[in-house]
Visitor: 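Would you mind keeping the following structure in view while I ask a few things?
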Amino acid sequence: MADCIFCKIAQGEIPANIVFENEQVIVFHDIKPAAPVHVLIVPKKHISDAMALDQDADGPAIAWVLFQAAAEAARLLGVDKKGFRLINNCGKDGGQTIDHIHMHLIGGITLGEGLI
Ligand code: AMP
Ligand code: ZN
């Protein structure tokens with residue numbers, strides 16, 4: 001989608017610090033990390049958020065791909081054994097700032113219970 005920063009990263013039009021990618025998904029380091037490990041897991045298909053994923057014919061496959069990519073990223077980044085947190089922000093109250101669905105994987109630190 002035009003003017004979507006994550007579509008541009010997925011298409012190689014703007015640079016990112018990529019962990020890995022395949023036909024369906026790209027994983028790259030967050031530009032403003034909130035933890036020692038903080039990557040974004042982004043499907044290459046433009047889907048705006050979790051509510052739109054539910055309405056998309058590819059939704060089930062993409063949801064699976066996101067979790068597969070999270071596990072692969074965790075292994076590559078060495079947080080698979082100790083654990084990590086996956087976060088999806090949806091919409092304004094959810095704190096979503098980029099309207100292309102993505103999951104944050106954060107780890108490398110013992111995360112407290114906090115809100116969740
Ligand atoms: P969210 O608030 O859930 O929409 O998350 C968007 C995330 O994208 C934030 O954590 C930003 O730091 C991150 N971000 C924004 N622009 C870039 C970029 N060009 N490369 C990597 N991460 C980015
Ligand atoms: Zn997009």
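All ligand and atom numbering here is 1-based and tracks the order in the structure.
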Visitor: So, for Ile9 and Ile26, which heavy atoms are closest and what is the spacing to 0.1 Å?
Guide: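 Of all heavy-atom pairs spanning Ile9 and Ile26, the closest is O-CD1, 4.0 Å.
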
Visitor: Please check: side-chain N/O of Asp58 versus main-chain N/O of Ala61, any donor-acceptor pairing under 3.5 Å?
Guide: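 Between the backbone of Ala61 and the side chain of Asp58 there is no qualifying donor-acceptor contact (under 3.5 Å).
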
Visitor: Please check if the number of heavy atoms outside Phe67 that lie under 6.0 Å from its CZ is greater than 12.
Guide: no

Visitor: For ligand 1, note which part of Leu40 has a heavy atom under 4.0 Å away: side chain, backbone, both or neither.
Guide: side chain

Visitor: Identify the two heavy atoms, one from Val79 and one from Leu105, that lie closest to each other, and give their separation to 0.1 Å.
Guide: CG2-CD2, 4.2 Å

Visitor: Have a look at His46 and say which of its N, O or S atoms is nearest the Zn ion (ligand 2).
Guide: ND1

Visitor: May I ask you to identify the nearest protein heavy atom to atom 15 (C) of ligand 1, giving residue, atom name and distance to one decimal place in Å?
Guide: Ile98 CD1, 3.5 Å

Visitor: Quick test of your reading of the structure: of Met103, Lys8, His100, His102, whose heavy atom lies closest to atom 1 (P) of ligand 1?
Guide: His102

Visitor: Could you check atom 19 (N) of ligand 1 against the protein and tell me its nearest heavy-atom contact, residue, atom and distance included?
Guide: Ile5 CD1, 3.7 Å

Visitor: Heavy atom of Ala16 under 4.0 Å from ligand 1?
Guide: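 Ala16: no contact with ligand 1 (<4.0 Å).
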
Visitor: Please write down residue, atom name and distance for the protein heavy atom closest to atom 9 (C) of ligand 1.
Guide: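 Result for atom 9 (C) of ligand 1: Asp30 OD2, 3.4 Å.
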
Visitor: Distance under 4.0 Å to a non-hydrogen atom of Asn89: what atoms of ligand 1 satisfy this?
Guide: 1 (P), 2 (O), 3 (O)

Visitor: Distance under 4.0 Å to a non-hydrogen atom of His104: what atoms of ligand 1 satisfy this?
Guide: 1 (P), 3 (O), 5 (O), 7 (C), 10 (O)

Visitor: How close do Cys4 and His100 get, heavy atom to heavy atom, and via which atoms?
Guide: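 For Cys4 versus His100, the nearest heavy atoms are SG-ND1, 3.4 Å.
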
Visitor: Verify the ring-centre separation between His38 and His104: is it less than 6.0 angstrom?
Guide: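 Yes: the rings meet the under 6.0 Å criterion.
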
Visitor: How far is atom 21 (C) of ligand 1 from its nearest protein heavy atom, and which residue and atom name does that atom have?
Guide: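 Going by distance alone, atom 21 (C) of ligand 1 is nearest to Ile31 N, 3.3 Å.
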
Visitor: What I want to know is whether Gln96 and ligand 1 share at least one N or O pair that is separated by under 3.5 angstrom.
Guide: no

Visitor: Record the part of His29 in heavy-atom contact with ligand 1 below 4.0 Å; permitted values are side chain, backbone, both and neither.
Guide: backbone

Visitor: Relative to the Zn ion (ligand 2), which of the N, O or S atoms in His100 is the closest?
Guide: ND1

Visitor: Using atom types as modelled and distance alone, determine if a side-chain donor or acceptor of Asn88 lies under 3.5 Å from a backbone N or O of His102.
Guide: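 Yes, the answer is positive, given that a donor and an acceptor are paired below the 3.5 Å cut-off.
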
Visitor: Would Phe28 and Phe20 count as a close aromatic pair, with their ring centres under 6.0 Å?
Guide: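 Aromatic pair excluded; centres sit 6.0 Å or further apart.
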
Visitor: Just by modelled atom types, is the Ile62 backbone N or O under 3.5 Å from a matching donor or acceptor in the Lys45 side chain?
Guide: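 Here the side-chain-to-backbone pair does not exist.
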
Visitor: Supply the atom-to-atom distance Leu111 CG to Arg85 CZ, rounded to the nearest 0.5 angstrom.
Guide: 4.5 Å

Visitor: Would His38 count as a polar contact of ligand 1, with the cut-off being nitrogen or oxygen pairs under 3.5 Å?
Guide: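 No - when backbone and side-chain N and O of His38 are compared with those of ligand 1, no distance drops under 3.5 Å.
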
Visitor: Where is the tightest heavy-atom contact between Asp99 and Gln96, given as atom of each residue plus distance?
Guide: CA-NE2, 3.6 Å

Visitor: Under 4.0 Å from a heavy atom of Lys32: which atoms of ligand 1 are those, numbered in the order shown and with their elements?
Guide: 12 (O)

Visitor: Could you tell me whether Phe28 and ligand 1 have an N or O pair separated by under 3.5 Å?
Guide: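 N/O-N/O distance under 3.5 Å: no.
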
Visitor: Could you list the atoms of ligand 1 found under 4.0 angstrom from a heavy atom of Phe6?
Guide: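 Matching atoms, with element in brackets: 8 (O).
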
Visitor: Looking only at protein heavy atoms, which one is nearest to atom 4 (O) of ligand 1, and what is the separation?
Guide: Thr97 N, 2.7 Å

